[in-house]
Amino acid sequence: MKKTEETYVHAPEVAERLSWLRGQLLSWFGGKGRSFPWRDHGRAPYEVAIAEILLQRTTATGVARVYPGLIERYPSWETLAQAPLEDLERALRPLGLWRQKAQAFQRLAQSLKEHEGGIPRSRAELEGLRGVGPYTASALLAVVYGQDEPLLDVNMARLLDRFFERPEDAGVGRDRSLNQLARHLVSGERSLQVNWAVLDFGALVCKARRPRCQECQLQSRCQHALSRATPTSNTLSG
DNA sequence: CTCCAGTCTC
DNA sequence: GAGACCGGAG
């Protein structure tokens with residue numbers, strides 16, 4: 001008998017840990033969270049969309065270097081559509097993936113020129129746009145339209161994997177299960193803040209390479225920190 | 001050498 | 001489900 005993902009997420013133990021995690025992340029974010037121009041309140045949907053494409057598989061600090069100049073040079077979908085592809089590519093070069101991003105920009109500019117409502121409001125429509133996948137669709141829904149969507153990127157996946165060292169779900173159930181956890185984590189008040197907190201926390205503390213477990217305020221309840229603090233075997237005395 | 005607010009193609 | 005895309009930072 002295998003228990004479903006829903007059972008796991010809704011287990012009192014797990015729900016309580018999610019709630020605690022959420023609180024810790026928010027408090028950490030208040031003091032150590034990062035500040036980026038595309039997070040500023042009142043950003044135009046266009047500017048948010050540009051940022052989300054730029055951020056795909058690219059460090060936020062890198063994007064921050066190019067972003068202001070890019071928005072200044074191409075302040076609207078119209079200017080973006082009219083820009084010579086070569087100029088656009090040159091501006092994106094230092095970020096990497098420059099061909100994809102430049103093409104995505106111009107395709108979006110073309111598509112949205114027709115679409116009078118601006119950025120689509122539904123996931124289906126968003127994912128129909130070239131260059132917009134599940135993550136970017138969530139990001140646009142969350143940032144532009146204020147929906148409670150989890151920004152389940154590499155950071156959030158890593159954090160959840162470590163914090164809940166979930167048993168035996170490496171198979172097909174993993175994606176589904178991860179999504180459930182992410183959705184519960186960011187649901188409710190201050191959803192966007194929690195999302196940003198996770199991204200920043202993943203970049204600064206719960207890193208891929210060398211996680212800062214010693215100085216991490218989650219360590220008391222993080223499975224990853226706990227298991228590495230007490231190595232499974234002690235081959236010392238030998 | 002790995003990793004980065006992923007997505008598309010085969 | 002792999003590989004490609006891509007330059008730069010650690």
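All values derive from a computational prediction rather than experimental measurement. Below, each value reflects all heavy atoms present in this structure, side chains not excepted, and no hydrogens, waters or symmetry copies.
- For Q100(A) and dA5(B), the CD to P distance is 16 Å, given to the nearest whole Å.
- Straight-line distance from the CZ atom of R107(A) to the P atom of dT7(B): 14 Å, rounded to whole Å.
- To the nearest angstrom, P of dG7(C) lies 11 Å from CG of L95(A).
- Rounded to an integer number of Å, the gap from R90(A) CZ to dC6(C) C1' is 17 Å.
- When rounded to the nearest whole Å, the span between CG of L54(A) and P of dA5(B) equals 13 Å.
- When the nearest nucleotides of DNA chain B are assigned to L129(A) and G202(A) by heavy-atom distance, the more 5′-ward of the two goes with G202(A).
- R57(A) has its CZ atom 14 Å from the C1' atom of dC8(B), to the nearest Å.
- Remark: P of dC4(B) and NZ of K207(A) are 11 Å apart, rounded to the nearest angstrom.
- Side-chain atoms of R130(A) do not come within 3.5 Å of backbone N or O of R107(A) as any donor-acceptor pair.
- Taking the six-membered ring where the residue is Trp, W28(A) and F201(A) present perpendicular rings, their angle passing 60° and hence far from 30°.
- In this entry the distance linking CD of E52(A) with P of dA5(B) reads 12 Å, nearest Å.
- At a threshold of 4.0 angstrom between heavy atoms, the contacts of R158(A) are confined to the sugar-phosphate backbone, with no base atom among them.
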